Each structure stands twice: as C-alpha cells, then as structure tokens.
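Scroll down for the structure; my scribbles are underneath it.
Remember, it's 1-based here, ligands and their atoms both numbered in the order they're listed. Just so it is clear, the model here is predicted, and its values are computed rather than measured.
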Amino acid sequence: MILKSIEEIGKIRESALVVSQTLGMLASEIKPGITSLFLDNLAETFILDNLCKPGFKGYNGFPNTLCISINEQVVHGIPNNNPLKDGDIVSIDCGVIKDGFYGDHAYTFKVGDVGKEAENLLKITKESLYIGIKSLIPGNNVGDIGNSIQNFISKHDYGIVKELVGHGLGRNLHEDPEIPNYGEKGKGALLKEGLVVAIEPMINLGTEKVNQLDDGWTIVTLDGKPSAHFEHNIAIIEGKPEILSTFKYIYEALGIESDEEDKFKSYFD
Ligand code: MG
Ligand code: MG
C-alpha cells in the first residue's frame, strides 16, 4: 500500500479532473447512431489537447483510450464501429496520466429511453458506489467497503461481479490494495490516511457470473442481461474520504440536477 502526500494527492486530483471533463465532454455526444470508436477518438483528442496521455491505451496491450461496454458488456469493451441504439446503456471507463499520476473513473450513460429495469440498475449501482466510499475511513478495513456495498446490493436482486475489483491508484493504474465489491467487516488491509483508491462497483441485472470474449478483453454477463459500472477516485484526507473525481460535468452536459456530491460532502461535516 503506497500512501500519498498531499502534493501527490493534488496531482492525482488534477489527473482525475481531466477524466471527469472527458466524460462530461462525451456525455453530450452519446446518442443513437454514433459509434463507440467515434467517442474514443473524441476522448483521445481531448486528453492530448489537455497535455495529458490516455492511461489505458497500450496498458497490457489495450488498443484504445476508452473502455466502452454496452448492455451485457460489464467492463473492458473495445471501441468499435457499431452504432449505438436507443435503449442501450453505455459504460465508459476512462484513464488519464498527467504529470506521472493516473486518474481512472467511469460512468454508465443511457441512450434515449432505457426502460425501468435498466434505469433502476443504474440508480442502485451509483448509490452503492457512494455507500462504499463512506466506509473509506482510517481504522476501517478494505472488507468494510465491500461489505457495505454488498449489504446494500443484497436488498435488490442483482449480481455483484466478483472477478473484477477496485484498486489503489497513483503512479500506477493498479496499486494495492485490491478493493472487492463484497467482503467481511474488519477483514483485509487497514485503511490509512493518504491512501488513494478507485472504488468501482460492477452490478448485473441478473446473474453475477461473467465471461470473457475471445477478444481477450471484453467481460460480459453470462445470462446476457445488462450490467452497470460507476467509479470514483477517492483519497483519505484528514480522517475522511474526499472524492477527487466528479460527475458534475456529465450532469451539466445532460441538464441533470444532482446534489449527490454535495450530500456526500456534508455527510462527513
Ligand atoms: Mg476505470
Ligand atoms: Mg479502475
């Protein structure tokens, strides 16, 4: 576990900000008929224009700037030339390197009307992210984070993806500790001041079971039902979790009124 100084956390915050702005820029472009490869090109240009580097491109050989995972695709989808359709849900995960530090977060977007079931899946998955983050306090253990997510999700009939997890974040995209979206209270590494992590619940409408496609990347649900993914970057500063990323650019682009980030801040005041 690599703990960060306030200066280092500041650099991760800057990198996370560029990811947040990239996702905000993409939000107004997502509509039926456009392709995930088009979104990928926009994101790459935007990141380079901001004098940053895409964090995922070339990482373990990943070919693109964004992971774009549609409907039954959970994460690690490779952008392609298939047009988006009305009713799709589109998870976009974006990584950036700025000044040697990574930002890495994700949001699941709606294309037009996605119907009640998917709507609810998105709402609950995002809520579970904030619930997980509330457990990120010094003295808690990694297991407390997953436990809080699991307890919340268990009230709904959803599947928690177990094979993929959140992680520490810094000069490396993936650092210790791994942060599963399930777990036992009091188990796992002790959380400490200066820890920076990505928490990222991946929640399936149906079975928790997943499969990897032959492309060597794309993770899909075994039953073909949709999956949602939300991710924030968070640092432990002065005994509480501070979210370094923001969805506010997405909400601005989409005209959504949301007080979720303010509510989260005031929870710890
Ligand atoms: Mg990510
Ligand atoms: Mg991540």
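At least one N, O or S atom of H167, from either the backbone or the side chain, sits less than 2.8 Å from the Mg ion (ligand 2).
Between the OE1 atom of E231 and the OD2 atom of D93, the angle taken at the Mg ion (ligand 1) works out to 110° after rounding to 10°.
Looking at L205 and E72, their side chains never come closer than 4.5 Å, going by heavy atoms from C-beta outward. Considering only heavy atoms from C-beta on, M202 stays 4.5 Å or farther from I219 through its side chain.
Taking the Mg ion (ligand 1) as reference, the nearest N/O/S atom within D104 carries the name OD1. Distances from the Mg ion (ligand 2) to each N, O or S atom of E200 single out OE2 as the nearest.
Residue I203 holds its CD1 atom at 11.5 Å from CG of L122, rounded to the nearest 0.5 Å.
Taking the charged nitrogens against the carboxylate oxygens, E261 and K248 have no contact shorter than 4.0 Å, which rules out a salt bridge.
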